[in-house]
Amino acid sequence: MMLRRIANWTRFVLTEYSRSGRILIELTITIALWGLFLQKYNTTTTQLFSLTGLFTMALALYTTSSILSLGDRAQNYIVLTRPLGRRGFLLGLYCAAVLLVWAMGAIVIALTAILNRPAGFGLPQLWYGSLPLLLNVALISAVTLLLSSLVVRNLPRLLLLAVLAIALYSNTWNLSPVFRYLSPLQSLFSRLIQPAIAGQRLAVSRDYTSGGLFVLVAQFALSLLLVNLALLSFGKRELILGKK
Amino acid sequence: MTDSVIQLRNLHKSYGQLHVLRGVDLDIDEGEAFGLLGQNGAGKSTLIHSLLGLLKPDEGTIKLFGSRDVELVVKNIGYLPERTTYHLQFTAHEYLRMLGALSDLRGAQLRERIDAVLDLVGIEGAADRRLGTYSKGMLQRLGLAQAILHDPALLIVDEPASGLDPGGQRDMAQLLAQLHKAGHTILLCTHQLTEVARLCDRVGVLADGRLDRVATVADLEGQGRSMTLRVADLPAEAVSVLEALGPNVRCTRTSVVLFPASEQLQHDCLAVLLDYGVHILAMTPAADALEQFYLNAIHHTHPAPPSPVEPPTPEALLETLVVGGER
């Protein structure tokens with residue numbers, strides 16, 4: 001019953017996103033990426049997955065934020081006060097974002113496969129390369145969900161952003177005296193982003209012989225954890241939606 | 001004995017330093033229409049959002065249909081928010097279909113409900129138009145349609161007449177009265193006293209974060225209207241004659257208060273004043289009892305009289321009106 005409600009809400013969000021014209025941004029960027037980088041040259045399968053992986057991760061950040069802003073509007077009080085509930089509401093927004101980015105990734109891969117097919121590109125390549133990319137989109141969308149103002153209050157959000165910043169702390173900043181203190185934290189927090197990095201590497205190499213399945217499980221488990229944290233936070237917080 | 005559909009006990013809610021609700025107690029019974037009045041910023045919307053589980057109270061308990069978990073009983077609630085904005089890219093049909101699906105209505109049942117509510121609120125002719133082309137009045141009707149789509153036992157309506165022209169306000173009040181007659185419990189949050197008088201069984205005024213003043217509309221209406229006549233100088237003999245007209249007349253040297261001011265009593269008083277050549281400066285019909293009840297509640301913080309409200313004594317009324325007039 002709940003799955004059906006979430007599916008209905010997801011469909012509604014995607015329809016609104018399309019009809020409002022917001023989807024044109026995703027479509028334009030997707031076509032532009034393909035036209036600029038994948039249309040003409042002798043693209044290899046590795047290049048295809050490398051570029052598509054980075055593109056879909058960046059797009060996941062943008063699209064999830066954009067769809068969450070649709071959720072943060074006063075008209076959604078009517079939706080929230082139905083049996084869909086808070087959890088279903090947030091899951092619907094998340095699913096809509098993930099599905100949309102997956103669709104854009106699929107467009108890039110499909111266009112390349114049809115119009116500029118890389119040598120040796122086949123169904124096994126598509127399957128092995130796509131799976132970690134799909135999970136990375138789910139993971140990045142889950143991170144964006146957890147960092148959104150709709151889900152988390154300002155103070156915890158700042159803390160989460162600090163964790164993310166330290167996790168992404170570049171080694172080239174070693175010269176900074178602060179690094180001495182941040183180094184242990186950095187090595188701890190950077191493990192949180194390892195599944196995403198490993199997933200991208202796996203998509204590019206498509207080599208599952210050295211722990212590939214473990215990477216997929218880690219991506220999935222981390223996504224699940226982050227989505228559940230977001231649901232927990234959203235379930236507990238006060239809902240004062242924007243008047244946009 | 002009927003069950004409480006809404007039961008609030010000692011509800012407190014603050015936004016930082018701003019203590020909006022300070023111990024609200026309320027019981028609304030099945031089939032009852034309750035009017036919640038209060039000034040802007042009194043906390044009416046906070047109260048409603050707390051009821052719906054959108055806001056978390058700092059203290060106190062909320063029970064809807066006997067349950068403390070709103071999500072368990074939300075199927076039985078229809079909500080029309082104040083100044084609702086809508087998903088304007090959809091037609092009324094599409095919009096209601098989605099909302100109905102979220103309330104677990106499907107297939108023929110959903111189609112029948114959509115047709116029935118669109119017909120009830122009178123926008124069936126525009127059901128396939130995009131909401132972006134709707135007037136404010138049509139959107140408000142659609143708001144009511146979505147609130148009753150799943151045939152909820154409890155309707156929570158926040159300022160349903162907001163932004164509507166007088167005709168639209170009357171239609172909205174008629175629709176709500178129809179729903180009340182059909183057995184829906186209604187919590188009506190409004191500034192419109194006429195709406196409350198037409199629809200509600202009981203009324204409460206939220207003032208200073210409390211809902212101390214609750215009365216039945218029938219009792220308030222039973223009190224009728226009063227009339228104050230300001231006069232230049234009332235001779236003692238005239239006072240005696242006027243007061244002999246009955247207990248509903250109270251006089252001072254400069255005023256005559258009639259409560260309730262029936263036409264016959266007004267006629268008799270005027271005749272006496274003219275007989276004695278008293279110069280009448282002004283005739284002021286006082287606020288009706290509901291308006292007076294509301295004004296008293298928002299201007300005074302002392303506890304309310306027990307419900308049902310006893311009609312005020314003429315002395316008390318005289319004092320209220322004279323003091324109120326000077327204010």
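Order of the sequence lines fixes the chain letters, A, B, ..., with proteins taken first and strands second; residue numbering starts at 1 for each chain. Atom set for the values below is all heavy atoms of this structure, side chains included, hydrogens, waters and symmetry mates excluded.
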| field | A/F12-B/F90 aromatic ring centre distance below 6.0 Å | value | yes

| query | Between the main-chain N or O of B/L21 and the side-chain N or O of B/H19, is there a donor-acceptor pair closer than 3.5 Å? | reply | yes

| Structural part of A/I240 lying under 4.5 Å from a heavy atom of chain B | side chain

| field | Cation-pi, B/F65 ring and B/K63 (6.0 angstrom, 45 degrees) | value | no

| message | What I want to check is whether the side chains of A/S141 and A/T64 have a donor and an acceptor closer together than 3.5 Å. | response | yes

| remark: Honestly, the part of B/R97 sitting under 4.5 Å from a heavy atom of chain A is neither

| said: I need the residue from B/L52, B/V70, B/V74 with the largest number of non-hydrogen atom pairs under 4.5 Å to chain A. | reply: B/V74

| task | Please flag which part of B/E71 lies under 4.5 Å from any non-hydrogen atom of chain A: side chain, backbone, both or neither. | result | side chain

| remark: With chain B, the option among A/R11, A/R19, A/M1 that has the most non-hydrogen atom pairs under 4.5 Å is A/R19

| Taking C-beta and beyond as the side chain, do B/D201 and B/F34 meet within less than 4.5 Å on heavy atoms? | no

| said: Need one label for A/L84: side chain, backbone, both or neither, based on atoms under 4.5 Å from any heavy atom in chain B. | reply: both

